[in-house]
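As structure tokens, the structure follows; a few thoughts come after it.
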Amino acid sequence: MFQDLELTNPNPNNLVCWHPRRGIIVISEANKALKQFCNEIGLDHYITSHGLRHTHASVLLYKRVNIMTISKKIGHSNISIILDMYFHILKS
């Protein structure tokens, strides 16, 4: 994808949402790229970066990853938010 671009803005922290010319990509740009990618692979619906975050947390819970680990990973200060938001997954 970026083979022809000169890396004028290196990615020292190995960030996912990074553009070699512009640096950090804002959420609206990430969502636009996700929508374009979904269209390119023929999906009728697309997912946003926020939706990916929820999906990631849900999969981790389903795989029985420690709730405190998930809470820290997605940036919550305590597990109560995880428990409130994803209780339906924990029940199954």
What are the two closest non-hydrogen atoms of I70 and V65, and how far apart are they?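 Of all heavy-atom pairs spanning I70 and V65, the closest is CD1-O, 3.6 Å.
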Can you get from M85 to I82 by hopping between Ile, Leu, Val, Met, Phe, Trp and Tyr side chains that sit under 4.5 Å apart?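 In one cluster: yes.
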Determine whether L34 and L43 fall in the same hydrophobic cluster, where Ile, Leu, Val, Met, Phe, Trp and Tyr are linked whenever their side-chain heavy atoms lie under 4.5 Å apart.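 No; L43 is not reachable from L34 via cluster members.
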Any pair counted as salt bridge (charged side-chain N to carboxylate O under 4.0 Å, His left out), so long as it reaches residues 23-33, sequence neighbours left out: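 For residues 23-33, and leaving out neighbouring residues, the salt bridge (charged side-chain N to carboxylate O under 4.0 Å, His left out) pairs sorted by first residue read R22-E29.
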S49: what forms a side-chain hydrogen bond (donor to acceptor under 3.5 Å, both in side chains) with it, not counting sequence neighbours?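 Only N31 meet the side-chain hydrogen bond (donor to acceptor under 3.5 Å, both in side chains) criterion with S49.
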Mind checking who shares a hydrophobic cluster with I27, ILVMFWY linked at side-chain heavy-atom distances under 4.5 Å?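 Traced through the cluster, I27 reaches no other member.
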Suppose the criterion is side chain to side chain donor-acceptor pair (under 3.5 Å): which pairs have a residue in residues 68-79, not counting sequence neighbours?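 Matches after skipping sequence neighbours: N78-S80.
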Quiz: residues 52-60 side-chain donor-acceptor pairs under 3.5 angstrom, not counting sequence neighbours:
unit_1, atom_1, unit_2, atom_2, d
R53, NH2, I74, O, 2.3
H54, ND1, Y86, OH, 2.5
H54, NE2, H50, NE2, 3.0
T55, OG1, G51, O, 2.9
S58, OG, H54, O, 2.9

Once you round to the nearest 0.5 Å, how far does CD1 of I81 lie from CD1 of I79?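 I81 CD1 to I79 CD1: 10.5 Å, rounded to 0.5 Å.
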Are more than 12 heavy atoms from other residues, nucleotides or ligands located less than 6.0 Å from atom CD1 of I24?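 It does not: I24 CD1 has 12 such atoms or fewer within range.
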